[in-house]
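Worksheet: one structure, shown below.
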Amino acid sequence: SREERFLNPTGYKDKHTAVADTVDMRESRKAQELKAASREERFLNPTGYKDKHTAVADDILTVGSKKAQDLKTSAREERFLNPTGYKTENPPQSAKPSEAAPNVESEKMDRSTDRTPQPSSGEVSEPTEKPVAEAPEELVSQPADEPVDVSTNETVDPSDGAAETSEANTSESKQKPSAESKESKGSELPTLKPQPEKPIGKITLIECRGGSDKASDGHRKDTIPICNAIIERGWECQPIFYSDSEYKMVEEEILSSKGYICRVNPGTYDDVTQSRLDNLLNSAVKKGVKGMSSPESMKRMGAKDALVKIRDLRCGLPSTAGYYTMQDLEEGFKKTLASGNIRVLKQNRGSQGEGIWVCSLKEGEEKKNEDGKCSSDAVLKLQEAVDNHKEEKTIEEFLKFCKRYLDGEGGQLVDQEFLPRIVEGEVRVLMIGDTPIELIHKKPAEGGISATLKSGALYIRYAPDDEKFSLLMRDFKEDLPKLMDALEIGDQPLPLIWTIDFIPGTIVDGKDTYYVGEFNCSCVGITKQLNLAGTVADAAIKVCEG
């Protein structure tokens, strides 16, 4: 299959994947039929009813997710021959419904859009594509982050919660039907307060029915506290559910508001077409409604080339380059690589380290450089973050391979200098509007680079004015007024709840410098920090009055 893969490198399929796809399609239809069967009952209890049909569908999806991992593991050797997605040659051909082969293709990144379909947690996404340990040491891909609680300069207990992360960032699972909340049955959920008789203004909070980020009342756990905090300040705030069948009603509510707060984690929901919802929310912004945050903001801040756009700010890495065509890639990459620095090449659409390559010239190959450029036949040492595998290719071979990352909508590559201090961990800054709330230093366990609690990483919380990070916060505060203009969305406000992950750079005058590794403003959660609801309300009202 290697010869045919080179002739069609963007998606080679053989008889084995055809069999697997047939099984996938059958099981996908079955799950949809089960969901449809429970729809009537769900309408009788729209806040989160879960019957035997959705329970069965959940079982299928859960088993499928596990089976997907097994298939990927068994196919690893073949994947090296075809790293674009070769599937195992022995998919189950007569699986029972509960043991069916997962839809492996659907678990990959949706490459038709710039936005990663988020699963269901509805919290802050842990960056899944970062520079990795200094090459050529083994790389470790970054799984989804665990929650951490808010405090000051304290070690985080793994049982605590914090500026929660969705991952999410992880794009390998589908949005599941609405589930019962994870809170104990004896816990009491807040109820919506009466709206003010003469409201100062109106803010609408938008959700979608379903998703495992919901409590038993059908809402995210931070939805009602945020609405109540806004109501306490004399504003009307009503949470509403978007669906395609209720499009007109939702549109009327939004257009009658001064602003909206979007609490929809992009993914798959019943009776929801993501593009229709995105168009509705973006259109409302053009008509003067304040979006917090609009799909356009989430798209611009979440795209990899956001790192290119901010390279001239204090928080940006000056050597960052962006490539959108093969000509850009061939000319630019040969120049940056000739600088002698190890480079990190990142595709825009991957997840879990897929398409994130640490690149360096093989020893002695720099002698082939001419006129500040590397030779096309120079040999590269390559390592991909998705599974840490290593390989060698000539620059010409590697660039031909990378063409797939430029094809289609949203195709782009970002080229950055490798920052070896990534092994010391990242610093996450939680923001509400333009106000920093806390910093979390995510320090990997000794000898590792993974920054998750499960891997043994140590999370330490700091106040935003802690002296240890004074240079980071000073520089970032200077950048804040310029940030949205740099991202080419200067007509929109800073996100309502968002995070920034910083990677340590060089040391200047005895203090660490930091560079942005990722922004996230896609449904960042505060479910473990409901004391911040008032701060969120103040920031939302400030945006609407501005």
Side-chain angles (χ1 to χ4, degrees), residues 46-48 120-124 147-151 160-166 178-196 199-242 253-254 257-265 290-293 430-433 435-438 461 493-499 520-545:
T47 60
S120 49
S121 64
E123 313 303 345
V124 185
V148 198
D149 205 356
V150 169
S151 198
D160 288 347
E164 304 99 0
T165 65
S166 22
S178 181
E180 293 179 2
S181 74
K182 298 177 183 178
E183 79 269 26
S184 63
K185 292 185 178 179
S187 65
E188 214 174 288
L189 293 170
T191 57
L192 190 68
K193 294 185 176 183
Q195 302 293 334
I200 300 170
K202 177 180 175 181
I203 297 174
T204 297
L205 190 147
I206 305 157
E207 298 181 281
C208 285
R209 297 181 182 90
S212 62
D213 59 344
K214 304 301 193 298
S216 57
D217 62 356
H219 297 292
R220 290 171 52 92
K221 292 183 184 179
D222 50 12
T223 290
I224 300 302
I226 291 173
C227 289
N228 284 341
I230 293 173
I231 291 170
E232 289 170 357
R233 286 154 175 76
W235 284 60
E236 178 183 348
C237 187
Q238 194 82 244
I240 62 173
F241 292 103
Y242 172 84
E253 285 294 315
I254 293 174
S257 306
K258 289 190 176 182
Y260 66 76
I261 300 174
C262 180
R263 305 299 284 162
V264 179
N265 212 29
K290 300 294 186 180
M292 300 172 282
S293 290
L430 170 64
M431 302 283 295
I432 294 180
T435 304
I437 302 300
E438 72 159 357
R461 302 165 294 198
L494 289 167
L496 186 59
I497 312 174
W498 55 304
T499 64
N520 181 44
C521 62
S522 179
C523 212
V524 176
I526 57 165
T527 62
K528 301 294 184 182
Q529 303 152 273
L530 296 181
N531 59 299
L532 295 175
T535 307
V536 173
D538 290 336
I541 292 171
K542 180 180 177 181
V543 168
C544 292
E545 290 179 335

With a cut-off of 3.5 Å and sequence neighbours excluded, list every side-chain donor-acceptor pair involving residues 224-237.
{"residue": "Asn228", "atom": "OD1", "partner": "Lys193", "partner atom": "N", "Å": "2.8"}
{"residue": "Asn228", "atom": "ND2", "partner": "Thr191", "partner atom": "O", "Å": "3.1"}
{"residue": "Glu232", "atom": "OE2", "partner": "Lys193", "partner atom": "NZ", "Å": "2.4"}
{"residue": "Arg233", "atom": "NE", "partner": "Asp538", "partner atom": "OD1", "Å": "2.5"}
{"residue": "Arg233", "atom": "NH1", "partner": "Ala229", "partner atom": "O", "Å": "2.9"}

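Between Leu496 and Ala539, the shortest heavy-atom distance links the atoms CD1-CB, 3.8 Å. The shortest non-hydrogen separation linking Asp217 to Pro190 is OD2-O, 4.3 Å.
Partners of Tyr242 under the side chain to side chain donor-acceptor pair (under 3.5 Å) rule, at least two apart in sequence or in another chain, are Asp244. Residues meeting the side chain to side chain donor-acceptor pair (under 3.5 Å) test with Ser257, sequence neighbours left out: Thr204. Legend: residues meeting salt bridge (Lys or Arg N to Asp or Glu O under 4.0 Å) with Lys202, ordered by chain and number and at least two apart, are Glu253.
Rounded to the nearest 0.5 angstrom, Lys542 NZ and Ile432 CD1 are separated by 12.5 Å. Atoms CD1 and CG, from Ile437 and Leu430 in turn, are 6.0 Å apart once rounded to the nearest 0.5 Å. Atom OG1 of Thr499 sits about 4.5 Å away from atom CG of Asn520, to the nearest 0.5 Å. Asn265 CG to Cys208 SG: the interatomic distance, rounded to the nearest 0.5 Å, is 10.0 Å.
Considering Arg220, Lys214, His219, Arg263 in turn, His219 is the only one that fulfils the side chain to side chain donor-acceptor pair (under 3.5 Å) rule with Glu207. For the side-chain contact (heavy atoms from CB on, under 4.5 Å) test with Val536, the passing option among Ile526, Ile541, Leu530, Asp222 is Ile526; the others fail.
Remark: side-chain polar atoms of Trp498 are paired, donor with acceptor, to backbone N or O of Gly433 under 3.5 angstrom.
At least one side-chain heavy atom of Cys544 sits less than 4.5 Å from a side-chain heavy atom of Met292. Residues Lys290 and Ile203 have side chains not in contact (no heavy-atom distance under 4.5 Å, counting atoms from C-beta outward).
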